[in-house]
Structure formats: structure tokens, C-alpha cells
There are 2 protein chains.
Amino acid sequence: MSAEETRHRLLETALELIWQSNYNSVGVNEICKQAGVTKGGFYHHFESKAHLFCAASEHYWDNIKRELDTVLSPVNTPLEQLENLILFIFRNKFNAESACVRGSPFFSAGLQTGCEEPMINDSLQKMSQNGVKYNLALVRSLMAGGYLEGEVEAERVARLLSQYVQGLAGFARVNGCPCLETSRKDIAEAFYRLTGLKREYWFATPPTWGTCKA
Amino acid sequence: MSAEETRHRLLETALELIWQSNYNSVGVNEICKQAGVTKGGFYHHFESKAHLFCAASEHYWDNIKRELDTVLSPVNTPLEQLENLILFIFRNKFNAESACVRGSPFFSAGLQTGCEEPMINDSLQKMSQNGVKYNLALVRSLMAGGYLEGEVEAERVARLLSQYVQGLAGFARVNGCPCLETSRKDIAEAFYRLTGLKREYWFATPPTWGTCKA
DNA sequence: GATCATACATACCGGTTGGTATGCTGGTCA
DNA sequence: TGACCAGCATACCAACCGGTATGTATGATC
């Protein structure tokens with residue numbers, strides 16, 4: 001196993017484990033064991049657990065960003081962008097194969113709060129604000145296209161969307177995820193309502209990005 | 001200090017501490033120290049940390065329920081109920097004096113997830129579903145009063161509200177809470193949008209329950 | 001072939017965790 | 001007056017935590 005691969009596996013494993021629970025309850029030992037790396041290896045690549053977390057969150061965002069840029073690509077119409085984003089969030093929050101809730105460790109970053117490390121809080125904040133930016137872009141293009149009704153304050157609506165997305169995973173995790181179709185409808189309807197999308201466009205646009213497995 | 005008072009102080013302290021962070025990162029020692037109770041006292045009253053948590057969540061819900069029954073009292077009009085609930089959530093999520101985010105440990109229960117104890121997950125689920133029930137009652141009375149536009153599926157909307165509330169604290173915690181007035185407007189607008197409240201009623205109803213300090 | 005840095009592996013550390021065993025103390029009751 | 005018991009207080013435990021000190025295998029460089 002090469003050095004780069006070791007590092008990569010630590011990042012991915014940390015994501016996967018924190019994904020399933022949270023920062024505080026995932027130990028370095030567990031990450032190492034799961035990744036097949038010894039503690040010496042861990043601390044060779046990362047200064048501390050907090051540093052790993054920050055590196056992992058950046059690594060995660062790199063992937064997300066690439067997908068989001070596709071989802072919200074200008075080649076798509078605003079309505080398609082909206083539908084694609086809904087689909088994207090749905091797919092990132094729920095694991096269709098195992099019908100369990102993954103919960104997106106950083107996008108819904110608040111789940112991790114409560115740790116004192118300022119470095120981590122900064123990292124989470126950056127991640128969250130990145131999400132708001134993409135929502136803002138979407139809302140603005142919907143506005144420009146005349147798809148929204150009433151007067152819309154774009155920044156506020158973008159924030160509302162982020163707040164909602166933030167809560168999605170937590171709610172689903174606590175209450176279980178009995179019906180994936182329901183979850184997807186929930187997300188869609190929340191986005192329609194929160195953006196103020198005109199009724200005539202509700203559930204009117206087939207998604208163009210990727211395929212929905214559920 | 002009487003036995004009942006000791007127990008009560010443990011419950012309250014546990015709430016306060018978990019409030020500020022989460023279940024995993026709050027230790028029994030810290031709870032005891034903060035409550036002025038020794039470990040022997042703790043384990044005299046509670047079988048385990050998990051048992052304390054469950055008892056605390058029930059204790060918390062007892063208080064919340066009493067407030068919610070006032071907030072959503074039938075003597076208030078549906079619009080007043082809506083505004084009161086918004087105010088209630090605002091006051092429970094944000095601490096006006098210290099301008100910090102409290103985050104309501106059980107109402108937005110998902111913040112705590114990631115611990116393996118099934119007993120705790122059950123407790124959180126119960127708490128979350130209680131919240132949905134109250135949202136459902138509100139939506140139904142808004143429906144009956146003709147305050148909503150379009151066709152509304154009450155259960156879904158109630159769930160959307162809970163999902164949103166769930167995310168509020170997490171988002172605010174991560175991103176800070178620079179302006180309380182903004183936060184309150186966010187909550188209000190999200191509730192108006194998610195319920196589908198007719199535009200003519202937006203920000204039209206002065207709250208009747210308690211007073212807003214912010 | 002000697003040198004040397006990278007990339008780990010192993011063993012260990014002090015501190016903290018949830019939990020327990022036991023001792024003590026003041027009030028209740030026969 | 002002595003037995004009894006709830007209601008703690010104190011001391012302690014094994015397990016685990018994040019982190020470190022040190023040893024070693026391996027490939028590149030001169």
C-alpha cells in the first residue's frame with residue numbers, strides 16, 4: 001500500500017465512520033482498525049484527530065463540489081437545476097441499497113457540534129457556507145427565470161434551504177426511513193415551498209442529472 | 001438537600017450540559033460536579049448514564065408539553081397559534097441574553113444521534129414524534145380556518161416543519177447567530193412558506209403568548 | 001556498500017471514561 | 001435502645017481515549 005493510498009484510506013474511513021455517528025464518538029483507534037492502518041501510520045500522515053477531520057472535510061467537499069457543479073450546470077434550465085439538486089440531496093442523504101440514513105457528515109454539519117476544537121468549528125462553518133452559496137446561485141437563477149412567486153429575498157431563501165437540508169438527516173435518522181419515496185417527496189415539496197416555486201411547476205420537471213435508484 | 005431535589009438537580013443539569021453539546025461528550029463526572037452531587041448519589045438515583053438521559057428527556061418533555069399546550073391553546077386563533085409556535089421555537093433555540101445558540105437537546109433530537117444505545121434512540125424518537133404531533137394539530141387548524149393556499153397534505157407539512165426545526169439549531173450553531181432578528185424572521189418565513197400560509201397573513205399577527213425579548 | 005529520509009509498526013503513556021464496592025450518617029420504627 | 005434502611009460520600013476499577021517514543025523495513029541517493 002502506497003503512502004498516498006494510506007492517506008486516502010484514512011480520509012475515506014474517517015468520513016464513513018463519522019458519517020454513521022459523529023466526531024466525538026469515533027475514536028482514532030477505530031478509524032485505524034477500519035482502515036487497516038496502525039496508529040504510527042495515522043500520526044505519520046496527520047498531526048492529530050482534528051487535523052484528520054479537517055483534511056477529510058476538505059476531501060469530502062472536493063468531491064461534492066464536482067458533483068454540485070454538474071448538478072447546477074448552466075447548461076441545465078433553472079427548473080432542471082432545482083430538480084437535480086433535490087435528487088442530489090436525496091441520494092446523498094439516503095442509501096437506497098441498505099435503506100438506511102447516511103446523514104452527510106459535513107453538509108449537515110451541525111450534527112457534529114459540541115466539540116471544543118475551534119479548528120473543527122471553522123471547518124464545519126466553511127462547509128456549511130459553501131452549501132449556502134450553491135443554494136443562493138440556484139435561487140437567483142430561479143428568480144431570473146421568473147419561476148418564483150411573490151417577492152423573494154434570495155439570501156434568506158438560500159439560508160432557509162440550508163437550514164432545512166441540515167435537519168433532514170437528523171430527522172430521518174431519529175425517525176427511521178420507512179419509505180424512500182416519501183423522503184424524496186418530502187425533500188421536493190420542502191424545496192418547492194421554501195423557494196416559493198410557482199405551483200404550476202411542482203413535480204413538472206423530470207430530473208436530467210444521473211438516475212434515481214429509488 | 002432532599003432526595004427529590006437531588007434527583008431534580010441531576011435531571012436539570014444533564015439537560016443543561018447536553019443542551020450545550022451532546023450526549024457523547026458530556027460525562028457523568030461533569031454532570032455530578034455541575035450538579036453538586038457525588039457519583040454515589042448519581043448511581044443511587046439512576047441505573048446508568050443512559051437511564052438518566054431518558055429520564056431527563058421525559059422530564060424535559062413534561063415542561064415542553066405544558067408550554068406547547070399554552071402556545072397552541074384552542075382559545076387562540078389558528079394564526080395566533082402559528083405565531084406563538086414560531087416565537088416559542090425562537091425562544092427555545094436562541095438565548096437572547098448571551099446571543100448564543102442553545103439548540104434544544106431533544107426537540108431537535110437528531111443532534112444527539114450516533115450513539116449505539118437503543119434506549120436512547122427510542123427516547124429521541126418518541127420526543128421527535130411528539131413534536132410532529134403538535135405541528136400536525138397546528139396545520140390542521142390552519143387548514144380548517146382556510147388560511148392555507150393550495151391543497152395541503154397535513155401529515156407531510158407537519159413533517160416538513162419538524163425537519164426544518166431539527167436543522168435550525170445545527171445550522172445556527174455552526175454559522176453563529178449574528179442577528180437575532182434575522183433568526184426570528186428566518187423561522188417565521190420558513191413556517192409561512194412550509195405550511196403554505198396565504199401571503200395576506202404573513203407577519204400580520206402579533207404574538208399573544210408571552211413576550212419576545214429580542 | 002554506506003547514508004539517509006520516508007513510511008510505517010509496536011509498545012506504551014497519562015488522563016478520562018462509565019461504573020462499582022464499601023463506608024458512613026441521619027431518620028424511622030419496633 | 002438497637003435494628004434497619006434510604007441517601008448519600010469516598011475510593012477505586014478496568015477499559016478506553018488521544019497522543020508519543022522508539023524501533024524497523026524499504027527504497028532512493030551518492
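Lettering follows sequence order; numbering is per chain, from 1. Note: hydrogens, waters and symmetry copies are ignored here, and every other heavy atom, side chains too, is used.
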Asker: How long is the line joining NE2 of A:H44 and C1' of D:dT26, in whole Å?
Answerer: 13 Å

Asker: Show each protein N/O and nucleotides 12-17 of chain D N/O combination with a separation under 3.5 Å, one pair to a line.
Answerer:
residue : atom : partner : partner atom : Å
D:dC17  : OP2  : A:N29   : ND2          : 3.4

Asker: Who passes side chain to side chain donor-acceptor pair (under 3.5 Å) against A:R193, sequence neighbours left out?
Answerer: A:E189

Asker: Would you kindly give the CZ-to-C1' distance between B:F42 and D:dT10, to the nearest whole Å?
Answerer: 17 Å

Asker: Provide the start and end nucleotides, 5' to 3', of the part of DNA chain C that has atoms under 4.0 Å from heavy atoms of chain B.
Answerer: C:dT17 to C:dT20

Asker: Can you tell me the distance, in whole Å, between the CZ atom of B:R7 and the P atom of D:dG7?
Answerer: 11 Å

Asker: From the options D:dA9, D:dT20, D:dC8, select the nucleotide whose nearest atom is closest to the side chain of B:T38.
Answerer: D:dA9

Asker: If only side-chain N and O atoms of B:T6 are considered, is one of them under 4.0 Å from the OP1 or OP2 phosphate oxygen of D:dG7?
Answerer: no

Asker: Between the side chain of A:S141 and the main-chain N/O of A:L138, is any donor-acceptor distance below 3.5 Å?
Answerer: yes

Asker: Are any of the side-chain heavy atoms of B:V71 and B:Y134 separated by less than 4.5 Å?
Answerer: no

Asker: Does B:Q34 have any side chain to side chain donor-acceptor pair (under 3.5 Å) partners at least two apart in sequence or in another chain, and if so, which?
Answerer: none

Asker: Pairs of donor and acceptor atoms involving the side chains of residues 38-50 of chain B, under 3.5 Å and at least two apart or interchain, shall be tabulated with distances.
Answerer:
residue : atom : partner : partner atom : Å
B:K39   : NZ   : B:N29   : OD1          : 3.1
B:S48   : OG   : B:A50   : N            : 3.3
B:S48   : OG   : B:H51   : N            : 3.2
B:S48   : OG   : B:H51   : ND1          : 2.8
B:K49   : NZ   : B:Y23   : O            : 3.0
B:K49   : NZ   : B:V26   : O            : 2.9

Asker: Report the C-alpha distance between B:N76 and B:L72 in whole Å, list the side-chain angles of each, state the deciding distance to 0.1 Å, and finish with yes or no for side chain to side chain contact (heavy atoms under 4.5 Å, CB included).
Answerer: CA-CA 7 Å; B:N76 296 324; B:L72 300 179; over 6 Å; no

Asker: I'd like to know if the side chain of B:S128 and the backbone of B:L124 have a donor-acceptor N/O pair within less than 3.5 Å.
Answerer: no

Asker: List for me each residue that meets salt bridge (charged side-chain N to carboxylate O under 4.0 Å, His left out) alongside A:D69, sequence neighbours excluded, and say none if there are none.
Answerer: A:K65

Asker: Can you tell me how far P of D:dC8 sits from CD of B:E5, to the nearest Å?
Answerer: 10 Å

